[in-house]
Amino acid sequence: MPELPEVESVRRGLATHLLGRRITAVQTYGERVIRYAPHGLEPVVGGTVTAIGRRGKFLWFDFGRQALVAHLGMSGQFRLNCEELPHVRAHITFDDGTLLDFVDQRTFGYLAPDDYRADGEEKVPCRVCHIARDLLDPQCELPFLVQKTKAKRTQIKRVLLDQTVVSGIGNIYADEALFAAGIHPASFACDLTELQLTVLYCEAKAVLCRALEAGGTSFDALYVHVNGESGYFDRELRAYGRTGLPCLRCGAIMQRTVVAGRSSVFCPQCQVFNESEGTFGAGCGKI
DNA sequence: CCCCTCTCCTGATCGC
DNA sequence: TGCGATCAGGAGAGGG
């Protein structure tokens, strides 16, 4: 599933091949991929790619005054000059003959031409304006994020998955960050100390960085790079997908629970539920 | 405003 | 063998 490291890997791949290229033709298959695009992809024909932007899990092709926003959803892939594949939802042709396919099995992804709105010094597509900065954004300020989180009267895992608080984290890296910080996924955000939250976000940032270095997590083959290759971070996952296996820190059997309707894997010994402020899990601090 | 649940979708897997 | 049920999950819509 594409989260920040996977989307950033895709962004880099697209930037390598498409900067300066002009779109000469577009073709879409089915209505779902353009469900937020009232005029389909036609508005971007003729646009020249001046940059590929990203915030959290959203990315966009920058044409100067206009953008093409892309969200990969659960299974979206961009593939450059690929062989014929199932589930192709859009096909984009560039002036140098490069062919870009948007492939998406589960159809949660979409493409949408969009206008920009100013966000301080930056410009961000309107569809992305409500999305918070992600942990790799230089302008993401940790103390502000900790305060915002501390004010939430809901479970910490919900907050990590809430893209309007901090973006880019999905189910895999939420579980990894909570494990690293020794925090139970169902602990209430407001019950955690500022120190715990600071550790949590530092660990989250660290795991995102390490996953990016590995080219992302190709846990179930729904994510690959623009050339079809896998990422390797699945080999380094310490929580996600490890239900019933021994904790890599203490040996206790990893358990599964459901938070926010999402499967959540945690160590019952290292990640203690916070009844109230000040209770650390046994693993916290061991980084 | 805040928080929660439901919904969209396909393919893999499981039990009968 | 085959078939129905279940699960996976990002984020937008809508409800309380």
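So you know, we letter chains A, B, ... as the sequences are listed, proteins then strands, and number each from 1.
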**Request:** Return the value, rounded to whole Å, for the distance between atom CD1 of A:Ile172 and atom C1' of C:dA8.
**Result:** 11 Å
**Message:** Strictly below 4.0 Å: does A:His71 bring a side-chain N or O up to OP1 or OP2 of C:dG12?
**Reply:** no
**Item:** Whole-Å gap separating C1' (C:dA8) and CZ (A:Phe108)
**Value:** 9 Å
**Prompt:** How far apart are the C-alpha atoms of A:Gln255 and A:Thr243, what are their side-chain angles, what is the distance that settles it, and do they pass the side chain to side chain contact (heavy atoms under 4.5 Å, CB included) test?
**Reply:** CA-CA 5 Å; A:Gln255 292 183 8; A:Thr243 305; over 6 Å; no
**Message:** Any base atoms under 4.0 Å from A:Ser263, or only sugar-phosphate, or nothing? Heavy atoms, all strands.
**Reply:** sugar-phosphate
**Message:** In whole Å, I'd like the distance from the CG atom of A:Asp104 to the C1' atom of C:dG10.
**Reply:** 11 Å
**Message:** Over all strands shown, is A:Met1 touching base, sugar-phosphate only, or nothing at heavy-atom distances under 4.0 angstrom?
**Reply:** sugar-phosphate
**Message:** Please determine whether a side-chain nitrogen or oxygen atom of A:Tyr223 lies at a distance below 4.0 Å from atom OP1 or OP2 of C:dA8.
**Reply:** no
**Item:** Which nucleotide in B:dG11, C:dG9, B:dC3 has an atom nearest any side-chain atom of A:Lys152
**Value:** B:dC3
**Request:** Would you tell me if any nitrogen or oxygen in the side chain of A:Gln105 comes within less than 4.0 Å of OP1 or OP2 on B:dT10?
**Result:** no
**Asked** Does A:Arg210 make a cation-pi contact with A:Phe233 (under 6.0 Å, within 45 degrees of the axis)?
**Response** no
**Item:** d(OH, A:Tyr110; P, C:dG10) in whole Å
**Value:** 14 Å
**Prompt:** Taking atom C1' of B:dT7 as reference, at what distance in whole Å does atom CZ of A:Arg35 sit?
**Reply:** 11 Å
**Item:** Any side-chain donor near an acceptor of the partner, A:Thr24 and A:Asp95, under 3.5 Å
**Value:** no
**Complete:** With the side chain defined as heavy atoms from C-beta on, A:Lys57 is closest, among C:dA8, C:dA11, B:dC9, to C:dA11
**Message:** Is the phosphate of C:dA8 approached by A:Arg256 (side-chain N or O, under 4.0 Å from OP1 or OP2)?
**Reply:** yes
**Which nucleotide in B:dG11, C:dA11, B:dC8 has an atom nearest any side-chain atom of A:Arg32** = B:dC8
**Request:** Using the six-membered ring wherever Trp is involved, compare the ring planes of A:His71 and A:Tyr110 and label them parallel, tilted or perpendicular (cut-offs 30° and 60°).
**Result:** parallel
**Prompt:** With respect to the side chain of A:Arg158, which nucleotide from B:dT5, C:dA11, C:dG9 is positioned closest?
**Reply:** B:dT5
**Prompt:** Looking only at side-chain N and O atoms, does A:Thr154 come under 4.0 Å of OP1 or OP2 in B:dC4?
**Reply:** yes
**Message:** Rounding to 10°, can you tell me the angle the first-five-pair axis of the helix from B:dC2-C:dG16 to B:dC16-C:dG2 makes with its last-five-pair axis?
**Reply:** 50°
**Request:** May I have the distance from A:Lys148 (atom NZ) to B:dC3 (atom P), rounded to whole angstrom?
**Result:** 12 Å
**Item:** C:dA8 base / A:Arg262 side chain donor-acceptor hit below 3.5 Å
**Value:** no
**Message:** Let me spell it out: for each of A:Tyr240 and A:Arg127, pick the nucleotide of DNA chain C with the closest heavy atom. Which residue's pick is nearer the 5' end?
**Reply:** A:Tyr240
**Message:** Quick check on DNA chain B: between A:Gly261 and A:Thr107, whose nearest nucleotide comes earlier from the 5' end?
**Reply:** A:Gly261
**Item:** Selected nucleotide, minimal atom distance to A:Tyr36 side chain, candidates C:dG9, C:dA11, C:dG12
**Value:** C:dG12
**Message:** Surrounding CD of A:Glu83 (heavy atoms of other residues, nucleotides or ligands, distance under 6.0 Å), is the total greater than 12?
**Reply:** yes
**Complete:** Separation of B:dC8 atom C1' from A:Arg89 atom CZ, nearest Å, is 13 Å
**Request:** Report yes or no: do A:Ser75 and A:Tyr223 form a side-chain donor-acceptor pair below 3.5 Å?
**Result:** no
**Message:** For A:Glu236, is the CD atom crowded, meaning more than 12 foreign heavy atoms sit under 6.0 Å from it?
**Reply:** yes
**Item:** Rounded distance (Å) that lies between atom P of C:dG10 and atom OH of A:Tyr173
**Value:** 12 Å
**Item:** N or O in side chain of A:Arg153 less than 4.0 angstrom from B:dC2 OP1/OP2
**Value:** no
**Distance test, side-chain N/O of A:His130 to OP1/OP2 of C:dG12, below 4.0 Å** = yes
**Request:** In sequence, state the C-alpha distance, the side-chain angles, and the governing distance for A:Arg55 and A:Asp119, and then conclude on salt bridge (charged side-chain N to carboxylate O under 4.0 Å, His left out).
**Result:** CA-CA 12 Å; A:Arg55 178 174 288 188; A:Asp119 181 13; 3.1 Å; yes
**Request:** Please lay out, stage by stage, how A:Asp62 and A:Lys123 fare under the test salt bridge (charged side-chain N to carboxylate O under 4.0 Å, His left out).
**Result:** CA-CA 10 Å; A:Asp62 179 13; A:Lys123 53 177 188 178; 3.4 Å; yes
